[in-house]
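To keep things clear, I will list the structure first and then write my remarks on it.
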Protein chains: 2
Amino acid sequence: MVWILKAVRQQLSNFKADFFKALAHPLRISILDALRLGELTVNEISQRFSIEPANASQQLAVLRNKGIVVTRKEGSNVYYSVSDSAIFKLLDAAREIFNNHLIGVRGMLEEIRLEQAQTPKRRGER
Amino acid sequence: MVWILKAVRQQLSNFKADFFKALAHPLRISILDALRLGELTVNEISQRFSIEPANASQQLAVLRNKGIVVTRKEGSNVYYSVSDSAIFKLLDAAREIFNNHLIGVRGMLEEIRLEQAQTPKRRGER
DNA sequence: TATATATATAGGAATATTTGCAGATGCGAT
DNA sequence: ATCGCATCTGCAAATATTCCTATATATATA
């Protein structure tokens with residue numbers, strides 16, 4: 001009957017992996033950071049990050065399907081908020097790891113430099 | 001000059017996302033859990049999880065590229081260990097979230113059920 | 001009722017990831 | 001030097017994800 005334990009452990013790993021997969025997207029990370037200050041509607045998020053409302057709704061759906069965010073409907077608006085402050089604890093732990101080891105900072109600066117060199121931004125552009 | 005801040009924030013989100021992406025794999029989650037008790041060689045990991053050594057090495061390379069694990073070479077063996085105990089803090093935070101909300105438990109049971117019923121595969125089911 | 005707004009979902013093309021396997025590399029022993 | 005072992009890397013097919021467009025649904029307003 002040991003195979004049951006193995007199967008459960010494997011399934012647990014699968015679901016932890018799915019959970020991290022939900023976090024493994026730049027836009028979704030940014031959205032969660034924005035939700036630190038409180039709930040936001042799809043429209044507000046789409047405006048804040050200059051993306052299509054459909055795209056915002058899609059990314060929020062990914063977070064919602066994993067239970068990371070919850071919704072509250074008011075009129076025709078849907079307010080999204082983080083379901084559990086432990087989520088922020090997790091994000092803080094991630095930040096601590098970044099601070100400890102400066103993972104990828106050199107590469108990050110390099111990428112910014114390349115990005116600007118490829119598509120030079122004009123003055124006053126947001 | 002505001003675009004610099006935006007670019008930095010976006011790059012930070014990119015790198016956090018890459019970090020979570022490295023965690024977003026069942027095998028890599030299992031490997032990190034196994035590394036809680038101390039360092040392991042590629043061979044030990046491949047035996048413990050019944051996978052090809054090449055596969056173990058590949059998954060460890062993903063973790064190594066993100067600085068999540070570090071290596072120590074001794075003879076022809078390479079010992080892997082977690083680089084920062086904050087990693088375990090993060091995994092614990094993830095576990096707390098799971099315990100708080102039982103994220104995906106319904107889906108987990110569902111998947112186990114489907115796995116058992118996989119032999120007679122049904123139409124229209126994912 | 002019709003119309004506009006807010007959100008959700010379906011489909012598809014472009015892109016990225018996973019997986020297993022073959023070959024390459026490095027190291028110790030003979 | 002060759003052999004055996006441990007590890008790493010490259011390749012390619014299968015699979016999954018992203019992002020966009022179009023459409024659907026629900027709600028408020030005129």
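Here is how names work: the chains are called A, B, and so on, in the same order as the sequence lines, proteins then strands, and each is numbered from 1.
To the nearest angstrom, P of C:dG28 lies 10 Å from CD of B:E74. Rounded to whole Å, atom C1' of C:dT19 lies 12 Å from atom CZ of B:R28. B:D18 places its CG atom 8 Å from the P atom of C:dT17, with the value rounded to the nearest Å. A straight line from CD1 of B:I51 to P of C:dG20 spans 9 Å, rounded to a whole angstrom. Atom CG in B:N55 sits about 19 Å away from atom P in C:dG23, given to the nearest Å. Nucleotide C:dC27 holds its C1' atom 10 Å from the CG atom of B:N77, rounded to whole Å.
Using a 4.0 Å cutoff to heavy atoms of chain B, the contacted part of DNA chain D runs 5' to 3' from D:dA6 to D:dT9.
When heavy atoms are screened at a 4.0 angstrom cut-off, A:Y79 is found touching no nucleic acid atom at all. As judged by a 4.0 angstrom heavy-atom cut-off over every strand, A:A54 is placed among the base-contacting residues. Using a 4.0 Å heavy-atom distance criterion, A:E52 is classed as making no nucleic acid contact.
Ranking C:dA8, C:dG26, C:dT18 by closeness to the A:V78 side chain, first place goes to C:dA8. For B:K21, taking side-chain heavy atoms from C-beta onward, the closest of the listed nucleotides C:dT18, C:dA8, C:dT17 is C:dT17.
Judged purely by atom type and a 3.5 angstrom limit, A:T71 has no side-chain atom pairing as donor or acceptor with the backbone of A:Y80. A donor-acceptor distance shorter than 3.5 angstrom exists from the side chain of B:S30 to the backbone of B:P26, with no hydrogens or angles considered. Using modelled atom types, one side-chain atom of A:E44 and one backbone atom of A:T41 make a donor-acceptor pair closer than 3.5 Å.
Axis angle between the ends of the helix from C:dT1-D:dA30 to C:dT30-D:dA1, five pairs each and rounded to 10 degrees, works out to 20°.
Of the inter-residue distances, the one linking B:S83 atom OG with B:K66 atom NZ reads 13.0 Å to the nearest 0.5 angstrom. Between A:L23 atom CG and A:I31 atom CD1 the span is 11.5 Å, to the nearest 0.5 Å. Separation of atoms CD (B:Q10) and CZ (A:F49) is listed at 10.0 Å; rounding is to 0.5 Å.
For B:F98 and A:F15, the ring centers sit 6.0 Å or farther from each other.
Cluster membership check: B:I87 shares its hydrophobic cluster with A:F88, using side-chain heavy-atom separations under 4.5 Å among Ile, Leu, Val, Met, Phe, Trp and Tyr.
Taking for each of B:P53 and A:Q59 the nucleotide of DNA chain D with the nearest heavy atom, the 5'-most of the two is the partner of B:P53.
Here A:D92 pairs with A:R36 in a salt bridge; the nearest charged N to carboxylate O distance falls below 4.0 Å.
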